[in-house]
Amino acid sequence: MEYETAVRDAVNSTASWRPDDEQERFETVKIDKIYASDVFNEQAMRRRVPKSVLVSFRRTVELGEPLEEHVAEALASAMKEWAIQRGATHYCHWFQPLTGATAEKHDSLHIPDGKGGVLASFSGKDLRQGEPDASSFPSGGLRSTFEARGYTAWDPSSPAFLMRGENSATLVIPTAFVSWTGEALDKKTPLLRSVEALSTQAMRILRIFHADIGVSRVAPTIGCEQEYFLVDKQLFFARPDLVSCGRTLFGAEAPKHQQLDDHYFGSIPARVLAFMAEVERELYRMGVPITTRHNEVAPGQYELAPVFEDGNIACDHQMIVMETLRRVAPRFGLRALLHEKPFAGINGSGKHMNWSIATDTGVNLLDPRDETHTNLQFLTFLMGVIRAVDTNGDLIRASIASAGNDHRLGANEAPPAIISVYLGEMLSDIVAQLEKGVPTRTLTGGALDLGAKSLPQIPRHSGDRNRTSPFAFTGAKFELRAVGSSAAPAWPLTVLNTIVADSLSSLADELERAVDAEPGTEAFTKQVVGVLGPIASKHKRVIFDGDNYSKDWEEEAARRGLPNLRDTVSATSRLATDEAIGLFERQRVLSRNEVLSRHNAFLEKYAMQLRIEADQMLEIAQTMILPAAYRQQRELGEAVNATQGAGVSCDEAWKALEEYTQTVAQFREATRALEQALAGEHDEPAAFATAMRDEVLPRMEDLRTLGDALERSTAADLWPLPSYSKLLSIR
């Protein structure tokens with residue numbers, strides 16, 4: 001199947017809103033084949049349902065109109081036929097609870113006919129709604145354990161697809177997940193609400209510029225760059241910490257890791273490349289369009305990235321990407337690690353979320369175009385985003401907070417916990433001009449002469465990139481670089497959509513009061529700039545184009561009044577403020593109870609993750625490291641006795657034995673200190689999380705320091721855990 005046709009089939013309904021530059025790239029690039037047969041897309045529908053059903057379904061997806069019952073029945077029948085023809089025996093409503101993972105319950109597509117045979121069974125009701133048990137999922141207090149009823153509701157805007165196992169195929173239907181009370185228990189429901197809020201407020205801005213003609217809605221588009229590690233499967237299972245926690249709780253630094261920068265963009269190892277090809281084949285088949293793969297900075301670390309897509313669908317696709325990485329790796333004798341910091345001392349992994357907003361007619365509203373200083377519509381949206389980040393940067397920080405990401409943020413490998421905006425030279429200059437009046441110039445980058453006649457002159461962008469910024473403008477989009485590699489992107493996207501919607505709402509109020517001239521006139525320009533100028537002046541404190549890793553920036557950010565929320569407990573607490581609750585309620589994204597439930601659920605998850613790590617650390621310390629250390633201690637003692645018995649001076653051996661014995665004693669003491677720190681009981685999530693941060697985490701760090709010291713001085717044949725050298729080099 002030719003690529004042009006197949007890609008459109010695979011992602012026809014998954015990329016409704018793409019920035020203009022992505023649209024052009026999408027239509028011109030070619031490869032030989034793509035497998036798109038496992039996506040129930042528009043092409044599959046056209047073959048099986050009347051045109052009237054398809055038209056009605058399109059109006060539901062594109063305009064948000066209610067799904068009529070007869071349309072649901074027709075689509076369910078078509079979906080059932082399509083899935084069974086491709087070998088499916090079961091279907092599942094696939095949703096994203098507050099665990100951060102996905103959930104599914106499989107139901108058979110067949111029922112007994114009472115005559116020894118079976119009938120295919122899948123109705124419109126089965127498609128639209130399911131009823132999983134809600135009592136065992138995190139709810140943050142919204143539901144009690146004895147109140148079990150929950151509902152899944154079909155999300156028609158995200159295409160159904162087939163998930164294949166070794167001997168099975170399951171029809172997967174993306175859904176929302178809500179309580180019997182109607183409150184959201186998942187990450188998709190508030191995301192869809194935030195998309196509506198963003199669209200409503202962005203349309204108000206477009207109407208002011210008379211740019212709304214033919215536009216029905218505005219939606220976020222995102223593309224998430226997924227970083228991950230691969231380790232050999234046998235070494236993985238020899239590390240209990242990797243198995244249960246996804247990261248190494250002990251491990252001395254390898255002599256060679258990323259110091260030479262020779263892994264980044266290096267030649268991809270054969271086994272890894274075979275794994276990548278298989279992952280991409282499966283993802284293409286499920287309608288997930290992957291465009292990039294490469295080696296990342298740390299040894300054993302890699303990255304893949306998809307084509308820009310509609311935000312809701314892209315979030316679903318990211319969950320598929322993570323699951324596919326985990327599922328495919330064992331076929332090649334590997335295990336995929338998505339933890340933000342699997343190995344101490346080298347770069348961790350993120351999920352850079354590239355975010356923009358676009359109309360359903362394909363116009364990217366964050367594309368500055370040429371002569372940017374004259375593009376008032378772009379500047380209006382730009383200032384709306386800047387104000388949103390300045391006013392609610394603490395909520396962005398809360399949206400990317402997790403126990404794993406705390407190890408990564410601000411560690412000279414990822415942005416710091418201070419949320420700031422990088423604009424680059426050209427846009428920063430225009431914002432500075434806005435403060436003083438109507439902008440009059442746009443800086444240009446010119447061209448680069450590479451000094452060899454055989455090489456072309458290449459155009460230089462008007463601004464450099466800043467890899468240290470947590471929220472950087474990168475041409476026609478913003479890149480939220482602080483999202484953790486294991487995170488479900490729906491939550492940070494929900495927060496970003498919501499705060500921008502709220503900012504655009506305020507901006508629209510101001511413009512509607514101040515602007516009465518016709519767009520394109522000098523009077524209109526002055527009126528719009530009269531609104532944008534004070535916003536630039538008030539919120540420019542969040543703009544920073546320098547080195548976010550530097551100590552100077554921390555001090556400067558404090559002088560500017562920007563929050564520096566260094567850990568998950570501090571960041572998540574911002575969700576429980578009246579200001580945050582009011583914002584989510586104002587934009588109809590989350591109710592007070594729904595906001596507070598997430599505050600509780602996220603803190604409880606943080607605390608439980610640390611509890612599991614601490615318990616696992618104690619088990620490794622007591623059953624693996626201490627026995628090995630005692631054997632090493634005995635061998636050192638025997639060496640000293642043998643040396644003395646031979647009448648040879650052994651001062652150095654005595655010193656080595658004393659130092660090693662002292663480290664073992666300190667290690668035992670640190671083990672007891674961690675046990676004592678874990679002894680407390682805490683009923684409230686906030687108290688539980690605070691205790692884990694303040695009492696348990698420091699004891700874990702102390703124990704690790706001593707354990708790593710023991711590894712450096714214990715014989716390799718006695719040490720019970722695969723070393724970093726092996727974990728990072730066997731690929």
Side-chain angles (χ1 to χ4, degrees), residues 197-209 211 218 220 355-359 363-369 371-393 395-396 419-443 462-463 469-480 496-515 517 519 524-545 560 562 583 587:
L198 181 63
S199 179
T200 298
Q201 302 308 328
M203 288 297 297
R204 291 177 64 192
I205 301 293
L206 292 180
R207 282 192 283 272
I208 292 169
F209 286 89
V218 172
W355 173 88
S356 190
I357 46 179
T359 68
V363 177
N364 178 7
L365 299 177
L366 290 180
D367 186 351
R369 312 289 182 180
E371 298 297 309
T372 305
H373 68 281
T374 66
N375 191 346
L376 285 182
Q377 180 178 293
F378 163 77
L379 294 177
T380 300
F381 280 104
L382 177 68
M383 296 314 303
V385 173
I386 290 172
R387 176 162 63 180
V389 177
D390 183 34
T391 305
N392 296 292
L395 296 185
I396 294 179
I419 302 298
S420 63
V421 176
Y422 168 80
L423 294 181
E425 185 179 5
M426 182 266 285
L427 285 184
S428 291
D429 178 68
I430 291 178
V431 170
Q433 292 179 64
L434 267 179
E435 285 190 78
K436 302 173 183 178
V438 177
T440 59
R441 69 174 182 274
T442 298
L443 301 179
S462 57
S469 175
F471 196 65
F473 189 79
T474 56
K477 54 184 171 56
F478 280 95
E479 183 179 17
L480 180 57
L496 189 54
N497 291 344
T498 304
I499 66 173
V500 172
D502 201 62
S503 179
L504 292 179
S505 176
S506 298
L507 188 49
D509 289 343
E510 296 176 49
L511 289 171
E512 287 165 356
R513 288 192 297 267
V515 176
F524 178 84
T525 298
K526 289 182 177 180
Q527 289 171 346
V528 172
V529 170
V531 172
L532 299 184
I535 294 174
S537 180
K538 181 178 180 180
H539 298 286
K540 66 181 180 182
R541 67 171 187 162
V542 80
I543 300 171
F544 180 66
D545 290 351
R560 294 186 187 189
L562 299 179
L583 182 148
Q587 294 305 320

* **Residue pairs involving residues 525-535 (criterion salt bridge (charged side-chain N to carboxylate O under 4.0 Å, His left out); sequence neighbours excluded)** => E522-K526
* Under the side-chain contact (heavy atoms from CB on, under 4.5 Å) criterion, do Q201 and D502 qualify, and how do the steps go? -> CA-CA 8 Å; Q201 302 308 328; D502 201 62; over 6 Å; no
* Working to the nearest 0.5 Å, report the span between CZ of R441 and OG1 of T372. => 13.0 Å
* **Closest non-hydrogen atom pair between G384 and S503, with its separation** => O-OG, 2.6 Å
* Out of curiosity, N497 CG to L198 CG, how far, rounded to the nearest 0.5 Å? -> 5.0 Å
* Asked: Got a second to check how far L583's CG is from I499's CD1, nearest 0.5 Å?
  -> 8.0 Å
* Min side-chain heavy-atom separation N392-I396 under 4.5 Å -> no
* Taking every non-hydrogen atom, the tightest pair across I419 and P470 -> CA-CG, 4.0 Å
* Asked: Does E371 use its side chain to pair, donor to acceptor, with the backbone of T442 at less than 3.5 Å?
  -> no
* Is there a donor-acceptor pair closer than 3.5 Å between any side-chain N or O of S199 and the backbone N or O of V218? -> yes
* To do: Assess whether side-chain contact (heavy atoms from CB on, under 4.5 Å) is satisfied between M426 and I430, documenting all intermediate values.
  => CA-CA 6 Å; M426 182 266 285; I430 291 178; 3.7 Å; yes
* Below 4.5 Å, heavy atoms only, C-beta onward: do L365 and S356 meet side chain to side chain? -> no
* Asked: Is there side-chain contact between L434 and M383, with at least one heavy-atom pair below 4.5 Å?
  -> yes
* To do: Report yes or no: does E479 contribute a side-chain atom to a donor-acceptor pair with the main-chain N or O of T474 at less than 3.5 Å?
  => no
* Does A388 offer a backbone N or O that forms a donor-acceptor pair with the side chain of T391 under 3.5 Å? -> no
* L427 vs F378 side-chain heavy atoms within contact, under 4.5 Å -> yes
* Structure fact -> Residues at least two apart in sequence or cross-chain that pass side chain to side chain donor-acceptor pair (under 3.5 Å) with E510, listed by chain then number, are R387
* **Over all atoms of both residues, closest heavy-atom pair of V529 and P534** => O-CD, 4.3 Å
* Asked: Should F471 and L496 be marked as a side-chain contact (heavy atoms from CB on, under 4.5 Å) after you check the CA-CA gap, both sets of side-chain angles, and the distance that decides it?
  -> CA-CA 11 Å; F471 196 65; L496 189 54; 4.1 Å; yes
* Side-chain touch S420/R541, heavy atoms, less than 4.5 angstrom -> no
* Asked: Given side chains that start at C-beta, do those of L206 and Q377 come closer than 4.5 Å, heavy atoms only?
  -> yes
* Separation between CD of Q587 and OG1 of T498, rounded to the nearest 0.5 Å -> 7.0 Å
* **Heavy-atom pair of closest approach, residues A476 and D367** => CB-CA, 4.1 Å
* For the student: nearest non-hydrogen atoms of R369 and N375, plus distance -> CG-ND2, 3.6 Å
* For the student: nearest non-hydrogen atoms of Y422 and S469, plus distance -> CB-OG, 3.3 Å
* Is there side-chain contact between L532 and L507, with at least one heavy-atom pair below 4.5 Å? -> yes
* To do: Report yes or no: does D545 contribute a side-chain atom to a donor-acceptor pair with the main-chain N or O of L423 at less than 3.5 Å?
  => yes
* Asked: Can you check whether L376's main-chain N or O pairs, donor with acceptor, with T380's side chain at less than 3.5 Å?
  -> yes
* To do: Can you measure from CZ (R513) to CD (Q527) and round to the nearest 0.5 angstrom?
  => 13.5 Å
* To do: Might you work through the side-chain contact (heavy atoms from CB on, under 4.5 Å) test for F381 and I205, ending with a clear yes or no?
  => CA-CA 8 Å; F381 280 104; I205 301 293; 3.7 Å; yes
* Asked: Do K538 and D390 sit within salt-bridge range, that is, some charged N less than 4.0 Å from a carboxylate O?
  -> no
* Aromatic plane relationship, F473 with F478 - under 30° parallel, 30 to 60° tilted, over 60° perpendicular -> perpendicular
* Residues which pass side-chain contact (heavy atoms from CB on, under 4.5 Å) with P519, listed by chain and number, not counting sequence neighbours -> H210, F524
* Asked: Does the distance from a Lys or Arg side-chain N to an Asp or Glu carboxylate O, for D509 and R204, drop under 4.0 Å?
  -> yes
